[in-house]
Amino acid sequence: MSIKRHELIRAAFVNRWQTYVAHQRRSVVLLDVIGPAVLVDVAGPSLPVIVIGLLVLFLGIPLIEAVVYMAFKWGNFKRSYKDAFLVNLITTLVGFGLLVVQPNLQRGNVLSQPGGFLVVAFGLSVLIEGAVLLRLKRHSARLTWLVAIVSNIVSYAGLLLLTIA
């Protein structure tokens, strides 16, 4: 009896969900790099949870960060949203990569603990978003890194508050 690939993927997602959000069965926690780790429900893939998760991941987080960008006079709403969407798309792809690599690491590493995973995810989000925004050459390096740090603090804090509520 062979185990199908989709069953292994589903089991990995369920394991990630139980590791990071088991105490809140219907929560959708999507935090840039950490987002892909928790897109599935405890009971298995649930279409409403996945749809809501994808909406938050690809529309909500960039919207929150675009408002922060505008507060720092990054540009108009359209430019701010496009830049926020781009950097969050890239960090989400890194999150999927991290999700694939993490089970192959030794036990006891920083990624095997929820708090450690969150800190690494936040740090990677800031570094990746700052680097991508720097490549766009829209503003000075100082303002670019400040925007990357503040926008991630605001988006992580807001989504953590949503998770707790």
Side-chain angles (χ1 to χ4, degrees), residues 9-10 12-14 16-100 102 111 114-136 138-139 143-165:
I9 293 170
R10 180 185 172 277
F13 277 136
V14 169
R16 292 292 153 250
W17 181 270
Q18 290 171 342
T19 301
Y20 299 108
V21 202
H23 63 283
Q24 296 183 15
R25 294 182 57 109
R26 291 286 182 187
S27 295
V28 177
V29 181
L30 298 168
L31 307 172
D32 294 329
V33 173
I34 202 171
V38 289
L39 258 179
V40 224
D41 192 79
V42 173
S46 168
L47 187 61
V49 171
I50 292 173
V51 169
I52 291 170
L54 289 173
L55 285 174
V56 170
L57 186 61
F58 289 113
L59 300 176
I61 293 172
L63 182 63
I64 292 168
E65 292 189 6
V67 170
V68 174
Y69 287 21
M70 288 173 41
F72 281 96
K73 303 201 182 336
W74 187 261
N76 62 16
F77 178 76
K78 184 178 178 181
R79 174 173 286 205
S80 296
Y81 188 82
K82 283 173 62 176
D83 289 352
F85 184 84
L86 173 68
V87 297
N88 281 289
L89 178 64
I90 293 169
T91 57
T92 300
L93 293 175
V94 170
F96 279 114
L98 196 58
L99 185 64
V100 169
Q102 193 272 339
L111 295 177
F117 193 86
L118 183 64
V119 169
V120 169
F122 177 79
L124 283 174
S125 291
V126 170
L127 289 175
I128 293 166
E129 290 183 20
V132 171
L133 290 173
L134 274 176
R135 296 283 297 169
L136 295 175
R138 304 240 194 268
H139 295 282
L143 179 63
T144 300
W145 285 108
L146 183 61
V147 165
I149 292 168
V150 172
S151 66
N152 276 285
I153 289 172
V154 170
S155 64
Y156 273 61
L159 290 169
L160 282 173
L161 289 175
L162 281 175
T163 303
I164 293 169

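Note: hydrogens, waters and symmetry copies are ignored here, and every other heavy atom, side chains too, is used. For reference, positions follow the sequence shown, starting with 1.
- Nearest approach of G130 to T144, heavy atoms of both residues: O-CG2, 3.7 Å.
- Side-chain contact between V150 and V154 is present, with at least one heavy-atom pair separated by less than 4.5 Å.
- To the nearest 0.5 Å, atom CD1 of residue I64 and atom CG of residue N88 are 9.5 Å apart.
- Residues Y81 and L59 meet the side-chain proximity criterion, which asks for heavy atoms closer than 4.5 Å.
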Hey, can you pull the donor-acceptor pairs under 3.5 Å for the side chains in residues 72-79, sequence neighbours left out?
unit_1 : atom_1 : unit_2 : atom_2 : d
W74    : NE1    : D83    : OD2    : 2.7
N76    : OD1    : K78    : N      : 3.3
N76    : OD1    : R79    : N      : 2.8

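- For residues 87-97, there are no salt bridge (Lys or Arg N to Asp or Glu O under 4.0 Å) pairs, not counting sequence neighbours.
- With rounding to the nearest 0.5 angstrom, the CH2 atom of W145 is 5.5 Å from the CG atom of L134.
- Scanning all heavy atoms of the two residues, the minimum distance from A84 to P62 falls at CB-O, 3.5 Å.
- Residues E65 and N152 form a side-chain contact, since some pair of their non-hydrogen atoms from C-beta on lies under 4.5 Å apart.
- L133 contributes atom CG, which lies 8.5 Å from atom CZ of R138 (distance to the nearest 0.5 angstrom).
- Atom CZ in F85 sits 15.0 Å away from atom OG in S80 (nearest 0.5 Å).
- Just one residue in the list I90, V147, L124, V87 forms a side chain to side chain contact (heavy atoms under 4.5 Å, CB included) with E129, and that residue is V87.
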